[in-house]
Amino acid sequence: MSEPGGSVRILVTGGSGLVGRAIQEVVADGAGLPGEDWVFVSSKDADLTDAAQTRALFEKVRPTHVIHLAAMVGGLFRNIKYNLDFWIHNGPPHNSNFGYSYAKRMIDVQNRAYFQQHGCTFTAVIPTNVFGPHDNFNIEDGHVLPGLIHKVHLAKSSGSALTVWGTGKPRRQFIYSLDLARLFIWVLREYDEVEPIILSVGEEDEVSIQEAAEAVVEAMDFRGEVTFDTSKSDGQFKKTASNGKLRTYLPDFRFTPFKQAVKETCAWFTHNYEQARK
Ligand code: GDP
C-alpha cells in the first residue's frame, strides 16, 4: 500500500484485480492530476468483510473519494456453482446468476438510501463483460475471454482442439479493462448523479461467443480444431445494455477496437504466463 499525502486522496479497493490494475496503469500513464493521491489496496491490506479492519484502513488512509472494486467475482460457471456465496443482501434476474445480480442491485438501493438520509452522492457503475491484462485466467472460475485465452494456450502446447463451452451463439458486449479504467476516472471526477451509469461499448459492438473465440484464435495464431461443447450451459442469451447515457456525456470517447484489445490481452498472458492468475 502506498503512503497518503495530497489533498484529494482516492482509495481504490480491489486494487490488484483486473480493473484495479488497469486504473493503476492509466493513472501512471498520466491520467492522475497534480495534488491527487491514489492509494491502491488489496485483500492483503485489509479484510473488508471485517468492520474493525475496514475502519482501521479508513483511519489510516483518510480518503476523500473511494472507488470500491473489491468483490467476489467470477464467470458464468462460478456464478452457477456459488449462488449462495454471491448472495450477500436480502432482496428475479436470470436464474444462472441471481445471487451476484441481487447483490449488485442492492448497491443501487444502498446508494439511494445514503443520498436520501445523509445527502451522500455515492454512485454505482455498471460495466459489461470486462477483460484485459491481470484478469483471472482460471478456466473453471473465470470469464469467457480469459478462459478461452488460457484454453488456446494449452491447446497449442498439447496439440489438442479448443473446446468452446455452449453453442457459441450467446452475445456479449465486451469492454477492455483499460478503457473501463479511463471511464472510472471520468466518473470519479465528473459524474455527480446517484443514478447508476452503464459503462459499455455500443449495442452495435455486441459479439457472439463464437466471434470472441475466433478473435482469440486469430490473435494467438491457433491452427488447431475448434469444437463446441453444447452439454455446457450457454447462460443468459444476451444482456444487451445501452450506452446512450454515457454517450450523452462523452460522445467522443473512443473504445479500443475489440480485436486489438484481445490481441493485447493475449500478448500479456503469453508474456506473463508464470505470474498470471490461473
Ligand atoms: P457472463 O457474461 O457473465 O455470462 O459470463 P462469462 O464471461 O463466463 O461468459 C459466459 C458465456 O461464454 C456463456 O455463453 C458460456 O457458454 C460461454 N463460454 C464459452 N467458453 C467458455 C469458457 O471457456 N469459459 C466461460 N466462463 N464461458 C465460456
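In listed order, ligands and their atoms are each counted from 1.
Considering H143, K169, Q210 only, the shortest heavy-atom separation from atom 7 (O) of ligand 1 involves H143. Selection from F131, W165, F228 by nearest heavy atom to atom 24 (N) of ligand 1 gives W165. Compare P146, G147, G142 by their heavy atoms: the one nearest to atom 26 (N) of ligand 1 is in G142.
G235 does not count as a contact of ligand 1, since none of its heavy atoms falls under 4.0 Å from the ligand.
Using a 4.0 Å cut-off between heavy atoms, I209 contacts ligand 1 through its side chain alone, with no backbone atom that close. Under 4.0 angstrom from ligand 1, there are no non-hydrogen atoms of A213. Contacts with ligand 1 closer than 4.0 Å are made by no heavy atom of Q236, backbone or side chain. Only the side chain of K151 comes within 4.0 Å of ligand 1, counting heavy atoms alone; its backbone N, CA, C and O stay farther away.
Smallest separation of non-hydrogen atoms from T270 and M220: OG1-CE, 4.2 Å. Closest heavy-atom contact between L18 and F131: CD1-C, 3.9 Å. Across I198 and L246, no two heavy atoms sit closer than the pair O-CB, 3.8 Å.
Within the 4.5 Å cutoff, no side-chain heavy atoms of F258 are placed close to those of D205.
Near S233, meaning under 4.0 Å from any of its heavy atoms, are these atoms of ligand 1: 15 (C), 16 (O). Those atoms of ligand 1 with a heavy atom of D234 less than 4.0 angstrom away are 13 (C), 14 (O), 16 (O). Interface of P170 with ligand 1, defined as ligand atoms under 4.0 Å from a residue heavy atom, comprises 14 (O). Every atom of ligand 1 with a heavy atom of K239 under 4.0 Å away is listed here by number and element: 1 (P), 2 (O), 3 (O), 4 (O).
A donor-acceptor pair under 3.5 Å links the side-chain atoms of D50 to the main chain of Q53, judged by distance alone. When atom types are taken as modelled, the side chain of R172 and the backbone of K239 share no donor-acceptor pair closer than 3.5 angstrom.
Annotation: I139 places no N or O atom under 3.5 Å from an N or O atom of ligand 1; distance criterion only.
Counting non-hydrogen atoms of other residues, nucleotides and ligands closer than 6.0 Å to CZ of R55 gives a total of 12 or fewer.
Salt bridge present: R182 and D179 bring a charged side-chain N and a carboxylate O closer than 4.0 Å.
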Side chain to side chain donor-acceptor pair (under 3.5 Å) for T167 and D234? Distances and angles first, verdict last. CA-CA 7 Å; T167 61; D234 266 345; 2.8 Å; yes

